[in-house]
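Computed from a predicted model, the values in this text were never measured in an experiment. Residue numbers count from 1 along this sequence.
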Amino acid sequence: MSDAALWTSDEIIAATGGSLSGTAFAATGVTFDSREVLPGDLIVALAGERDGHDFIPKALGMGAAGVLASRAPEGGSAVLVPDTLRALEKLGVAARDRAPARRAAVTGSVGKTSVTQAIAAALHLAGHGHSSVKSFNNHIGVPLTLARMPRDTQRAVFEIGMNHAGEIGPLSQFVAPHVAVITTVGPVHIENFSDGEAGVARAKAEVFEGLAPGGAAVLNADDRWSPLLRDAALAKGGRVLTFGVGAECDARLLASTHEGEGRFRGVLNGREILIVTPQSGAHWGHNGLAVLLALGELGVSVETGLQALAAYAPLTGRGAEFALHLPGGTAALIDESYNANPISMRAALATLGRREGRRIAVLTDMLELGPDGGKMHADLAQAADVAGVARVFTAGPLMRHLDQALPAALRGGWAETAAELAPLVQAELRRGDVVMVKGSNGSKASAVVAALKTAFGEGAG
């Protein structure tokens with residue numbers, strides 16, 4: 001067996017209680033997606049809309065070293081188990097227990113992916129770091145990320161998400177974090193909670209269920225649900241660290257500027273700091289402080305954290321900026337199309353309001369808001385007005401409520417779908433404009449981004 005192996009078949013058997021079919025093997029990676037198989041991978045055959053066993057021949061043909069499956073494949077080696085998802089969970093726990101890594105878990109209604117990836121950037125600067133990829137934050141993604149963790153990992157960060165109550169707790173127990181971060185709580189997936197936002201807050205607090213002894217909870221003191229979250233963390237034996245604008249915060253935001261880049265002046269554990277980041281959004285003040293508090297619990301210096309934040313580029317659909325080439329000049333396109341909820345929508349509008357130029361907002365439906373969804377959309381009218389937005393373009397049945405609530409001078413146009421809205425936005429743009437596109441992933445705000453890039457070309461903004 002290779003010394004570079006992530007897993008040997010003997011180790012997989014010991015972790016999962018499975019049995020070997022075929023010859024012994026060594027795997028250098030783990031995946032469940034046959035489209036992403038690399039030579040040497042272990043392919044996990046998961047059940048779903050399609051049975052993962054159906055793709056085993058393809059995976060083996062692409063060079064997979066072996067299979068974690070519930071039935072023996074033809075022409076390849078496998079570790080056989082009754083339930084492949086349970087086996088993946090056991091493999092993840094075994095990876096956690098064999099590595100010396102200090103671990104962080106990040107959740108929240110807004111900003112969890114960005115904060116996770118910013119922490120990850122610092123971990124990779126500090127040494128042997130490991131982190132979630134994409135938004136692998138569910139019942140498959142978390143154990144998969146654990147199972148991929150090399151045995152010499154020093155520090156790791158995991159994103160944990162949810163749609164319903166009871167989902168975060170088991171994932172936290174898999175990770176057993178030394179520090180757990182909750183970025184903020186808001187009306188996201190609220191239609192799945194009979195008690196509204198309070199239910200969302202309690203579901204987020206499940207992240208403390210796996211907190212390691214002596215572990216820390218990093219909380220947003222400016223969040224209305226901070227007292228509930230604090231009590232939940234203390235009940236699990238956690239220490240509480242806070243970030244926000246109050247004098248009592250462990251990490252305090254003092255002032256910020258947002259033109260071109262974000263510059264956030266603050267105090268961290270009594271030390272004055274300046275966070276500089278390519279992210280111009282106001283919310284990056286809080287995000288940056290949360291990142292630095294978490295890194296401190298992982299043994300990463302403030303200097304390394306600030307260096308990582310200074311180099312951290314916006315993620316696709318989460319604030320990436322592009323130049324649109326119009327006749328006679330350029331316009332700036334801010335891509336916030338990955339997701340949206342009332343909190344993040346207001347934050348994005350406020351950030352747009354700090355930009356120079358004629359401000360245009362292109363907004364598509366926010367989803368999973370329950371029976372009050374229409375009102376939550378209409379309530380954005382004031383935020384757009386305060387931000388000094390010149391035109392608001394909207395798409396989707398829920399955004400119709402916002403269109404009707406806007407002053408006539410602000411209405412740019414409404415369409416049933418994002419694709420139908422794109423030509424209206426294209427016709428409106430002129431040089432010097434700043435256009436921000438935001439909406440839930442399911443309402444296809446990205447279609448507007450793609451149409452503008454196609455119509456006007458693009459270049460890094």
Side-chain angles (χ1 to χ4, degrees), residues 102 104-112 114-123 125-126 155 157 177-185 207-208 211 214-231 233-234 238-312 314 319 343-344 346-347 350-351 354:
R102 288 188 64 79
V106 181
T107 192
S109 299
V110 180
K112 60 181 175 293
S114 296
V115 167
T116 299
Q117 295 305 321
I119 292 172
L123 298 189
L125 284 177
R155 305 173 185 89
V157 59
H178 299 91
V179 55
V181 180
I182 300 181
T183 57
T184 190
V185 173
V207 75
F208 306 132
L211 198 62
V218 174
L219 303 178
N220 184 347
D222 299 335
D223 190 294
R224 64 185 286 231
W225 298 104
S226 179
L228 181 154
L229 301 176
R230 174 187 287 272
D231 289 346
L234 293 174
R239 295 176 291 112
V240 174
L241 304 175
T242 58
F243 58 95
V245 300
E248 75 286 353
C249 293
D250 299 281
R252 184 184 182 193
L253 182 64
L254 299 178
S256 60
T257 58
H258 313 279
E259 188 59 39
E261 64 181 8
R263 297 177 67 86
F264 305 94
R265 188 167 60 85
V267 177
L268 177 64
N269 296 321
R271 169 185 173 180
E272 289 195 10
I273 58 170
L274 177 65
I275 299 171
V276 180
T277 171
Q279 320 277 348
S280 62
H283 55 284
W284 269 96
H286 281 68
N287 283 356
L289 295 176
V291 167
L292 293 175
L293 283 174
L295 289 173
E297 292 297 309
L298 298 178
V300 178
S301 70
V302 174
E303 290 74 18
T304 298
L306 292 173
Q307 180 184 353
L309 287 165
Y312 180 69
I343 293 176
S344 66
R346 284 187 171 83
T351 297
R354 295 182 178 94

- Message: For Ala310 versus Pro278, what's the shortest heavy-atom pair and its separation?
- Response: O-CD, 3.3 Å

- Query: Got a sec, which residues hit side-chain hydrogen bond (donor to acceptor under 3.5 Å, both in side chains) with Asn269, two or more places apart in sequence or on another chain?
  - Reply: none

- Return the orientation label for the His286 and Phe243 ring planes: parallel under 30°, perpendicular over 60°, tilted otherwise. perpendicular

- dist Leu253:CG -> Arg265:CZ (nearest 0.5 Å) comes out at 9.0 Å

- Message: Measuring from atom CD1 of Ile343 to atom OG1 of Thr184, what distance do you get when rounded to the nearest 0.5 angstrom?
- Response: 4.5 Å

- Under the side-chain contact (heavy atoms from CB on, under 4.5 Å) rule, what do Leu309 and Asn287 come out as? Steps first, then yes or no, please. CA-CA 10 Å; Leu309 287 165; Asn287 283 356; over 6 Å; no

- Distance-minimising heavy-atom pair for Gly246 and Asp222: N-OD1, 4.4 Å

- After noting the C-alpha distance and the side-chain angles of Leu292 and Leu306, does the key distance pass the side-chain contact (heavy atoms from CB on, under 4.5 Å) rule? CA-CA 8 Å; Leu292 293 175; Leu306 292 173; 4.0 Å; yes

- For the atom pair CZ (Phe208) and CG (Leu234), what is the distance rounded to the nearest 0.5 Å? 9.0 Å

- Which atoms form the tightest heavy-atom contact between Ala294 and Val179, and what is the distance? O-CG1, 4.1 Å

- Value for CG (Leu289) from CD1 (Ile275), rounded to nearest 0.5 Å, stands at 4.5 Å

- Closest non-hydrogen atom pair between Val291 and Ala118, with its separation: CG2-CB, 3.9 Å

- Message: I need the Ile182 CD1 to Asn220 CG distance, nearest 0.5 Å.
- Response: 10.0 Å

- Task: Taking the side chain as every heavy atom from C-beta outward, state whether Val110 and His283 have any pair of such atoms under 4.5 Å apart.
- Result: no

- Does any non-hydrogen side-chain atom of Thr183 lie less than 4.5 Å from one of Asp223? no

- Message: If you apply the rule side-chain contact (heavy atoms from CB on, under 4.5 Å), what do you find for Leu123 with Leu295, and how did you get there?
- Response: CA-CA 8 Å; Leu123 298 189; Leu295 289 173; 3.8 Å; yes

- Query: More than 12 heavy atoms of other residues, nucleotides or ligands under 6.0 Å from CD of Glu272: is that the case?
  - Reply: no

- Item | CG on Leu241 to CG on Asp250, rounded to 0.5 Å | 5.0 Å

- Task: Mark yes or no for whether Arg263, through its side chain, and Leu274, through its backbone, hold a donor-acceptor pair below 3.5 Å.
- Result: no

- Task: Write down the atom of Thr242, the atom of Arg230, and the distance for their closest heavy-atom approach.
- Result: CG2-NH2, 3.5 Å

- Taking it one step at a time, do Trp284 and Ser256 satisfy side-chain contact (heavy atoms from CB on, under 4.5 Å)? CA-CA 10 Å; Trp284 269 96; Ser256 60; over 6 Å; no

- Message: Using modelled atom types and a 3.5 Å cut-off, is there a donor and acceptor pairing between side-chain atoms of Arg252 and backbone atoms of Gly266?
- Response: no

- Message: Once side-chain hydrogen bond (donor to acceptor under 3.5 Å, both in side chains) is applied, do any residues pair with Glu248, and if so which ones, sequence neighbours excluded?
- Response: none

- Message: Does any part of the side chain of Thr277, heavy atoms only, come nearer than 4.5 Å to the side chain of Phe264, both counted from C-beta?
- Response: yes

- So, for Pro177 and Ala104, which heavy atoms are closest and what is the spacing to 0.1 Å? CB-C, 4.2 Å

